[in-house]
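Shown next, in structure tokens, is the structure this report addresses.
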Protein chains: 2
Amino acid sequence: MANIFDVAKRAGVSIKTVSRVMNDQSAVRAATRERVLKAMKELDYNPSHAARELRSGRSRSIGMLFGDPSSGFQSRFHHAALQACDEVGYFLAAGLFDERADDWDKQLSAFLARTRVKNMILVPPLCGSTVLHDQLIERGVSFVLISPTQPVDGAPSISMDDFTAAKEITSHLLELGHRRIGHISGDAEHIATKRRREGYEAALAGVSGAEIDESLIQPGGFSFDEALDVAEAMLSRPDRPTAIFASNDEMAAAVYFVANRLDLRVPEDVSVVGFDDIPLARTIWPPLTTVAQPYEAMTHEAVRKLTRSDATSGPDDVTLGYELKIRQSTAPAPKR
Amino acid sequence: MANIFDVAKRAGVSIKTVSRVMNDQSAVRAATRERVLKAMKELDYNPSHAARELRSGRSRSIGMLFGDPSSGFQSRFHHAALQACDEVGYFLAAGLFDERADDWDKQLSAFLARTRVKNMILVPPLCGSTVLHDQLIERGVSFVLISPTQPVDGAPSISMDDFTAAKEITSHLLELGHRRIGHISGDAEHIATKRRREGYEAALAGVSGAEIDESLIQPGGFSFDEALDVAEAMLSRPDRPTAIFASNDEMAAAVYFVANRLDLRVPEDVSVVGFDDIPLARTIWPPLTTVAQPYEAMTHEAVRKLTRSDATSGPDDVTLGYELKIRQSTAPAPKR
DNA sequence: TTGAAAGCGATACCAA
DNA sequence: TTGGTATCGCTTTCAA
């Protein structure tokens, strides 16, 4: 495998010039740069990332921590991150992280020590831990938050417009004639929970017959298991809602689950909508109407923020668009 | 961050001795080793993997390629691999791989060039590509196959006992009184497809009334979308089966999907069993009876084979145990 | 059993 | 705009 000396020799320059070309430094004449580039291509040159990392002290990896393995949410981010890192020639250093463990700070230290990453992308639910943020700041690790619980000083955040999306999907339900619409909200600490709930309430506001009923809004912690109980309670009521908006797809799956157990049909007896568009959403019956998060765009933006030297470019906090996926879990409200 | 010199100084030895201790080389007196270990701990020493890699020319990463992002199957392997690599101080280099793309050999070259991995774990469906194997062999990359399509010379393989598991889960159906049991098989090229089908046939053999009906055995390519059509055909027959054994969970989900569309109830009208135990299996309604693959054990074994220097230890091909997960998608056969 | 010195392939400082 | 050379932290060879 060719190294920098081979390239330098072939291009008739010094290794330093080759290095300059690789690192996009300006002080190289265009003609020289071309020669070097050509030599690299001809030799199928690939810089040794070990050597670059060793000498520069900078890691060319971006860290990402994963928790619950069953979350379709995280695997979509993983996929997007792999893509985004590829494109900028970085590596993705994935780590496991058990949020429920006591020694999570040890886990973090070990991860940082092993990988030496200096840049991380934090996705929910981990991105909400202030203790985690403090540790990272203390260790001089930069990070970008995706869909964060709350803003963190000095850390850019990337989100989608949860409020509008929630409002829109709730309006979809209203247009179908639903007036009693339940909401299973997420983890109380997460800002998306609040935004989605607000969107839901905003859609309801002013629609006659669709007044907000606090008892129809219950927390499900973004968890399938937790939502099971909430859905059970909601659907067992004599005045049960004709539609339920779950704050994520896993909780929507829990609603399906309970509906089936109670012999209610989706969407004939109860319409269900979710949020996220994880793979599950199109695999269950009926295919779930939901909001597709811009996983790819969010992750690309995060990687860009972490790798662009002109860190001042663009605003610190970015909000990206979503897509409403109308599938078959919603139908006109049943007559009573 | 402490380096090897700091450790050497503190332990009162040369850096070479520290290196020996790190690399588990025998030629170090026990007392010396202890001193070095103590110094490392006190200084919270973490060797620079960049330096080790650079100098030794060996990559400390194990490569793993991921295809279809929606596969719960792959995300379970990813999780297991992350764990297993952690334990032996290796890194997981994950790569994206589009099997349908024409330039997949370019993708592979790029992956190998960038990461310089010399060890890979190949999981389905990628592990079946002979072209991939040839490329890897040509490039001097060692690999372990998990649940391979077919044996590859010189590459150890790790599988589970597909035959017995399939036989057992089919027997479960027989015990419930089912006699017409459909089978949606997997990708024809994959050996697991064959083994599972054989297990299914073996269970049926000799059970009166449960003779094999070739028209009840149809290929679904391990794919949700493909299985949709097959399930539709099978469940639309006047003499439709009372139970279906799908060769993986995603295809079982497709059976649920179609059953619902046709107004058949699972398990009252048709029992369904799958294979793999992906996260989906317990999230859909009713929870799917399936075979849990030993993801963690398989992956650990693969990592062990790749990292243990005593490569001769143990047989080349290993078969691991599975677990039957009886859930609620199976019920006694309906009377006709 | 231990140590001295060379060198892996880049980057960075200082000169030219 | 370009090049020489020290250097990052470790492993390896050779010698003691």
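Protein chains get the first letters and strands the later ones, always in sequence-line order, with residue 1 at the start of each.
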Regarding B:Val18, tell me which of base, sugar-phosphate or nothing describes its non-hydrogen contacts under 4.0 Å with the strands shown.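 Nothing, no nucleic acid heavy atom in range.
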Within the 4.0 Å heavy-atom criterion, would you say A:Arg58 contacts the bases, only the backbone, or no part of the nucleic acid?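 The residue A:Arg58 makes sugar-phosphate contact but no base contact.
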Provide, to the nearest angstrom, the distance between the [atom1] atom belonging to [X] and the [atom2] atom belonging to [N].
X	N	atom1	atom2	answer
B:Ile4	C:dG3	CD1	P	12 Å
A:Tyr45	C:dG9	OH	P	10 Å
B:His49	D:dG9	NE2	C1'	12 Å
B:Ile15	C:dA5	CD1	P	11 Å
B:Arg29	C:dG3	CZ	C1'	14 Å
A:Glu53	C:dA12	CD	C1'	17 Å
B:Asp6	D:dG9	CG	P	9 Å
B:Leu54	D:dT7	CG	P	17 Å

Hey, do the aromatic rings of [X] and [Y] have their centres closer than 6.0 Å?
X	Y	answer
B:Phe66	A:His79	no
B:His133	B:Phe143	yes
A:His49	A:Phe91	yes

Under-4.0 Å side-chain N/O to phosphate OP1/OP2 contact, [X] with [N]:
X	N	answer
A:Thr17	D:dG3	yes
A:Asn3	C:dC8	no
A:Ser19	C:dT11	yes

Just compare [options] and give me whichever is closest to any side-chain atom of [X].
X	options	answer
B:Ala51	C:dA10, D:dG9, D:dT11	D:dG9
A:Lys16	C:dA10, C:dC13, D:dC10	C:dC13
A:Arg52	C:dT11, D:dT2, D:dC10	C:dT11
B:Thr32	C:dT2, C:dA10, D:dT11	C:dT2

Can you work out whether B:Arg116 or B:Ser14 has the more 5'-proximal nearest nucleotide on DNA chain C?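 It is B:Ser14, whose closest nucleotide lies nearer the 5' terminus.
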Starting at the 5' end of DNA chain D, which residue's closest nucleotide do you reach first, A:Arg20 or B:Arg55?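 The residue mapped nearer the 5' terminus is A:Arg20.
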Could you give me the CA-CA distance, side-chain angles and deciding distance for A:Lys38 and A:Glu42, then say whether salt bridge (Lys or Arg N to Asp or Glu O under 4.0 Å) is met? CA-CA 6 Å; A:Lys38 183 156 166 284; A:Glu42 286 167 359; 3.2 Å; yes
Short side-chain donor-acceptor distance under 3.5 Å, B:Ser61 and B:Arg116: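 Their side chains do not contain a donor-acceptor pair, so the 3.5 Å distance test is not met.
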